[in-house]
Amino acid sequence: MINFIQQEIENDLKAGKYTNGIHTRFPPEPNGYLHIGHAKSVCLNFGLALHNGGLCNLRFDDTNPTKEDVEFVDSIQEDIKWLGFDWGDRKFFASDYFGKFYDYAVELIKRGLAYVDELSAEEIKAYRGTLTEPGKESPYRNRTIEENLDLFTRMKAGEFPDGSKVLRAKIDMASPNINMRDPVIYRITRTTHHHTGDDWLIYPMYDFAHPLEDAIENITHSVCTLEFEDHRPFYDWLLDSLGFDPNSRPRQIEFARLDLTNTITSKRKLRQLVEEGHVRGWDDPRMPTLCGLRRRGFTPAAIKDFCERIGVAKSNSVVDISMLEHCVREDLNENADRVMAVLDPLKVVLTNVDENSVEYLTAENHPKRGGSRFVPFTREIFIEREDFMEDAPKKFFRLKPGGEVRLKHAYIIKCEEVIKNSAGEVVELRCTIDPTSKSGGATAGRKIKGTIHWVSAKFAMSAEVRLYDYLLTTDAQGNLPEDFIAALNPNSLIVKQALIEPSVRWTGTGTHYQFLRLGYFVVDPDTTADKLVFNRVVGLKDTWAKVKER
RNA sequence: AGGGGUAUCGCCAAGUUGGUAAGGCACCAGACUCUGAAUCUGGCAUUCGUUGGUUCGAGUCCAGCUACCCCUGCCA
């Protein structure tokens, strides 16, 4: 792992800082499901710790009870575990530190660095100034320490209504950095907290809580996204003001969040997709949520490999989704067994095969890892409709009238007759097999250009196959319009009734396969004893499709 | 307009004291192939947002300019 953050860590170590080891944290707010963008952060934080022989905490940044819920603390843990990271016994909640935060706030007041303000929210906003004009000081800014202490104590005790008072840091209303213009650090909100119940009426703001929770946990490197760069001066101000040792206290380092082409990563928009029913739920295989990717069939290894490959830097960038797809293909190519399935069946009758004959052919499960199974071969089979063309171009080396093709693991067949219905559509092919060409046999050596997959009509099982495409076909995720719903790909889900070889009968949810020549698939949890359901993870690379386009 | 950032191939991204542009994805060409997959081979930035300057020599130093991103929640 080499990135600029790792280099900073090494520089710190070289400078004699952080002699107790490196300690990072992944600090999600439990207000939504983790998505691929969070995976980057998870991999970075846990990866940095692992790489430096340190530790990474899981910490729920739950300082705003109005937006958070236990539903999310559960799913977040499940997703991180699934990725393969372990926080040991270091699962923390910012809310566990509310008592300490309060004490630090009191300390700040005692040092004359915080005051209770009773300006309304609107007034505070007006007093804050603008980007180009300085703010002005609140009339309550210069209360005595005693008065501030008394008021803050009473805020905690519930003597004042919600929103009537706030605690503010006393810094500089004229700072060119708006975050330093006396930021609010405590507000009154009578909301039941998912973790602390009704213990508190006042809640700390992120800016105040974050540096403290990092310091409390002895975090050395607090990694966050770019938009917090402006907040770093306050992060440092707070810890310095409270007397934390500059050589051991945490330091904040920012990196660019992940953006992916064809992918929605806005929490709000993802929620809209779920709530308005444009997808089946948070774990819909089209969703970029980790639970969605999991159901789609992406593997932890692929996602971690992806996060490693995209790197970590500070420039806003949009990674091409093909990078992610490459990573799953690479993993699944290595690890998924191969099997034959036909998505769009065309019946083929092999006229020189006996009607009652069933031949069990040996088929390898994986070109490199080996293993084998039996595949029944019968007089009537189905092939992929796409694998036959009546007026085939020279470059088409699959089945055509009078042409030959190899049936994978079986025989070379020759197309003798094309049968059509009254509408002129091809409904059946009559072919003959070359009995000397049996795969693996002594005389199987005859070379033929094309090889296609097939399935026995008598023994094939039916299966529901769900083919997915991007929710966004045009690449506009960066500046998605409000009505992005209208731009959703109407073909993001296509359901097919497919036919599949019987060897998969006893398969289980989450098992990956490569359907020969079609792509990688995974068994969906909707699968029951009498209904198989597969999701297509990703198709195979298809150079024929490119040739066809020309 | 004030502050904070970023600008290296179509997309990510290395490039640490200035010494003459890694790698991956994508793409293209070919080999191989009982998956038009995989694999293998080769190709793919005289140029680093831009303009000047310093220097024997600059993506790396200096100055100016430009573009884009973030910041005026009692959100995180």
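All chains are named by letter (A, B, ...) in the order of the sequence lines, taking the proteins before the strands, and each is independently numbered beginning at 1.
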ask   = Going 5' to 3' along nucleotides 66-75 of chain B, which nucleotides have protein heavy atoms under 4.0 Å from the base (write B), which only from the sugar-phosphate (write S), and which from neither (write -)?
value = ---SBBBSBS
ask   = Nearest-Å distance, CZ (A:Arg338) to P (B:rU33)?
value = 18 Å
key: Carboxylate-amine/guanidinium contact A:Glu217 A:Arg25, below 4.0 Å   = no
task = Please measure how far the P atom in B:rU54 lies from the corresponding atom in B:rC62, and state the result in whole Å.
result = 15 Å
note = Sorted by position of nearest nucleotide on RNA chain B, 5' first, the leading residue of A:Glu68 and A:Trp544 is A:Trp544
task = Please list, chain by chain and in numerical order, all residues satisfying side-chain hydrogen bond (donor to acceptor under 3.5 Å, both in side chains) with A:Asp434, sequence neighbours excluded.
result = A:Thr436, A:Arg446
message = Between B:rG36 and B:rG19, how many Å separate the two C1' atoms, rounded to a whole number?
response = 48 Å
message = Suppose we call a contact any N or O donor and acceptor under 3.5 Å apart; does that hold for the side chain of A:Arg398 and the base of B:rG36?
response = yes
Heavy-atom pair with the smallest gap, counting every atom of A:Trp544 and A:Lys395 = CZ3-O, 3.8 Å
query = Taking NZ, NE, NH1 and NH2 as the nitrogens, is one of them in A:Glu384 or A:Arg517 under 4.0 Å from a carboxylate oxygen of the other?
reply = no
ask   = Could you give the CG-to-C1' distance, from A:Leu516 to B:rU35, as a whole number of Å?
value = 4 Å
query = Can you tell which of B:rC12, B:rA14, B:rG36 lies closest to the side chain of A:Val319?
reply = B:rC12
note = Taken in chain and number order and not counting sequence neighbours, the residues that satisfy salt bridge (Lys or Arg N to Asp or Glu O under 4.0 Å) with A:Asp305 are A:Arg309
task = With C1' as the reference atom in both, quote the distance from B:rU50 to B:rU17 in angstrom, rounded to an integer.
result = 27 Å
task = Apply ring pair (Phe, Tyr, Trp, His ring centres under 6.0 Å) to A:Phe397 and list each qualifying residue two or more places apart in sequence or on a separate chain.
result = none
ask   = Looking for any heavy atom pair under 4.0 Å, which part of the strands does A:Val547 touch: base, sugar-phosphate only, or nothing?
value = nothing
Earlier contact from the 5' end, RNA chain B, for A:Tyr520 and A:Ile448 = A:Ile448
message = Counting only Watson-Crick pairs (N1-N3 plus N6-O4 or O6-N4) and G-U wobbles (N1-O2, O6-N3), all under 3.5 Å, who is the partner of B:rG2?
response = B:rC71
N/O-N/O pairs, protein side and nucleotides 22-25 of chain B side, under 3.5 Å:
from: B:rG24; atom 1: O3'; to: A:Arg309; atom 2: NH1; distance (Å): 3.4
from: B:rG24; atom 1: O2'; to: A:Arg309; atom 2: NH1; distance (Å): 2.9
from: B:rC25; atom 1: OP1; to: A:His326; atom 2: NE2; distance (Å): 3.3
from: B:rC25; atom 1: O2'; to: A:Ser322; atom 2: OG; distance (Å): 3.1

message = Please classify the nucleic acid contact of A:Phe396 as base, sugar-phosphate, or nothing, using heavy-atom distances under 4.0 Å.
response = base
Please enumerate all protein N or O atoms sitting under 3.5 Å from an N or O of nucleotides 28-31 of chain B, with distances to 0.1 Å.
from: B:rC28; atom 1: OP1; to: A:Arg550; atom 2: NH2; distance (Å): 3.2

inquiry  = Could you check whether A:Glu8 pairs with A:Arg251 (Lys NZ or Arg NE/NH1/NH2 to Asp/Glu carboxylate O, under 4.0 Å)?
reply    = yes
key: Whole-Å distance separating the NE2 atom of A:His453 from the P atom of B:rU33   = 22 Å
inquiry  = Closer than 3.5 angstrom, by distance alone: can the side chain of A:His35 be matched with the main-chain N or O of A:Ile264 as a donor-acceptor pair?
reply    = no
ask   = Taking the side chain of A:Lys314 as its heavy atoms from C-beta onward, which of B:rU6, B:rG36, B:rG4 lies nearest to it?
value = B:rU6
request  = Quickly work out the A:Asp331 CG to B:rA38 C1' distance and round it to whole Å.
outcome  = 14 Å
message = Could you identify the nucleotide paired to B:rC61, looking across every strand shown and requiring Watson-Crick or G-U wobble geometry with both distances under 3.5 Å?
response = B:rG53
key: Identity of whatever pairs with B:rG42 - Watson-Crick or G-U, under 3.5 angstrom   = B:rC28
key: Atom-to-atom span, CZ of A:Phe60 to C1' of B:rA76 - whole angstrom   = 15 Å
key: P-based separation of B:rG43 from B:rC25 [nearest Å]   = 16 Å
ask   = Would one find more than 12 heavy atoms of other residues, nucleotides or ligands at under 6.0 Å from atom NZ of A:Lys548?
value = yes
query = On a whole-Å scale, what distance lies between the P atoms belonging to B:rC28 and B:rC48?
reply = 28 Å
